[in-house]
Structure formats: structure tokens, C-alpha cells
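Notes to accompany the following structure.
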Amino acid sequence: MAEPLDRYDAELTTPDMVILEMEAEDKVDAASQLARKLFDAGRVSDLEGFLAHVNAREHQLATGLPGGVGLPHARSEFVSETSIAVGITKYGKALDFGASDGPATVVLLIATPASSFSDHLEVLATLARSLSKESFRESLRRAYDAEVIAELINSSLVFFDH
């Protein structure tokens, strides 16, 4: 059973789980690159198994958010702790995640242990609220530093005004 998420002590992402100037063919390739970061960080035990869950979820409903954000996500038995891998696309590149206002330049892959349903919903909801703010999205796009991006993501769970 996974540990419950402690919003004030969660390290959802690290600089090692951030891809700056990501170049991906499509959303499947983007999810694969980001899942590899989670696997390399030891947060996903079976890369192909986890990707099957991500892709199955993506086929159920588009995960694009307004403002140029892709938010692929999955709960999976192959995830050891709630984690987020972040991709900021290379300038001039964007990926179609099915958002009504166009393609994404910020992609956040959320991975949650299969048993952590409430944590999964809390992370999704909190990130979606943060990402609804243009200032937050622009901070991610303009950071050009994996440490700053990781800190923005980690602090969004703690400091967002619920």
C-alpha cells in the first residue's frame, strides 16, 4: 500500500524528471519520454506496463487543458509514489492533447499508485487549478531551469489557495 500523500512534504517532481526543450512526435511519444524519466528515477517499476495505463486513460478522454497544457495521467500498480514528470516543448513546437483551444507546450505526466485514488484526484484537481492561471503556466514556460520548474510544481500543492 502506498504512503498517503503529505501535501507539505511531497516531492512530486525533481529536476531529473523535467525535460526542457522537449521534442516529441506526438502525445504518445511525449508520454513515453516523460514516463522514462519516472522509470529512471525509480518511481515506475515497469515502463511498458505503466505506459499501457497512460495510453488507455488517454483513449478514454482527451487530457488537454486550456492554455496549452497536456495533462496525461494514470493510476497504476507500477507506480511506487505519486510523481509528476514535466516536459516543456521546444520553442515553436506543440503537441495535440485534444484541448479545444489548441495544442500543448507544457506537458505534465501524473503517475499515482493504483491504491491512491484520493491522492490522484487531489493532485489532478490542485494542478488543474494552478494551471488555470496564466501566470503559473507562463512561469513554467519561461523558467528554462529544471530546478525552478520542479519547485513550481512541488509548491503548487502547498501554496495554492484552496
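Side-chain contact between S32 and L51 is present, with at least one heavy-atom pair separated by less than 4.5 Å. P66 places a side-chain heavy atom less than 4.5 Å from the side chain of D101. With contacts defined as side-chain heavy-atom distances shorter than 4.5 Å, the pair L109/L38 qualifies.
In terms of the side-chain hydrogen bond (donor to acceptor under 3.5 Å, both in side chains) criterion, residue partners of T105 (sequence neighbours excluded) are, by chain and number, R141. The ring-ring contact (aromatic ring centres under 6.0 Å, His included) search around F39 returns none, not counting sequence neighbours. For the side chain to side chain contact (heavy atoms under 4.5 Å, CB included) test, residues two or more places apart in sequence or in another chain that qualify with D40 are R36. In terms of the side-chain hydrogen bond (donor to acceptor under 3.5 Å, both in side chains) criterion, residue partners of S76 (sequence neighbours excluded) are, by chain and number, H53. In this structure Q33 satisfies the side-chain hydrogen bond (donor to acceptor under 3.5 Å, both in side chains) test together with D29, sequence neighbours excluded.
Between the side chain of N154 and the backbone N or O of T13 there is at least one donor-acceptor pair closer than 3.5 Å. No side-chain donor-acceptor contact under 3.5 Å links D96 to the backbone of P103. Distance alone, capped at 3.5 Å, is enough to place a donor-acceptor pair between the T89 side chain and the K93 backbone. Between the R137 side chain and the V69 main chain, no donor and acceptor come within less than 3.5 Å of each other.
With rounding to the nearest 0.5 Å, the separation of CD in E134 from OG in S139 is 9.5 Å. E11 CD to T82 OG1: the interatomic distance, rounded to the nearest 0.5 Å, is 13.0 Å. Summarising the geometry, atom CG belonging to L131 is positioned 5.5 Å from atom CZ belonging to F136; distances are rounded to the nearest 0.5 Å. For the atom pair R43 CZ and T14 OG1, the distance stands at 6.0 Å (nearest 0.5 Å).
Residue E147 qualifies as open at atom CD: its count of foreign heavy atoms under 6.0 Å is 12 or below.
The one candidate from K27, R57, E58 that meets the side-chain hydrogen bond (donor to acceptor under 3.5 Å, both in side chains) condition with T63 is E58.
Shortest non-hydrogen contact noted between F78 and F50 is CD1-N, 3.6 Å. When every heavy atom of L34 is checked against every heavy atom of A85, the shortest pair comes out as O-CB, 3.5 Å. Nearest heavy-atom pair across I110 and L127 is CD1-CD1, 3.7 Å. Across V86 and I153, no two heavy atoms sit closer than the pair CG2-CG1, 4.0 Å. For the residue pair A150 and P15, the shortest heavy atom distance occurs at CB-N, 3.8 Å. Residue P72 comes nearest to V54 through the heavy atom pair CB-CG1, 4.2 Å, listed as atom of the first residue, atom of the second, then distance.
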- [ ] Kindly determine whether V123 and T112 satisfy side-chain contact (heavy atoms from CB on, under 4.5 Å), including the steps that lead there.
- [x] CA-CA 9 Å; V123 169; T112 314; 5.7 Å; no
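Hydrophobic clustering (side-chain heavy atoms under 4.5 Å, transitive across Ile, Leu, Val, Met, Phe, Trp, Tyr) groups L108 together with V148. Residues L124 and L152 share a single hydrophobic cluster, defined by chaining ILVMFWY side chains whose heavy atoms lie under 4.5 Å apart.
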Please list, one pair per line, the donor and acceptor atoms closer than 3.5 Å that link side chains of residues 16-25 to other protein atoms, with sequence neighbours excluded.
none

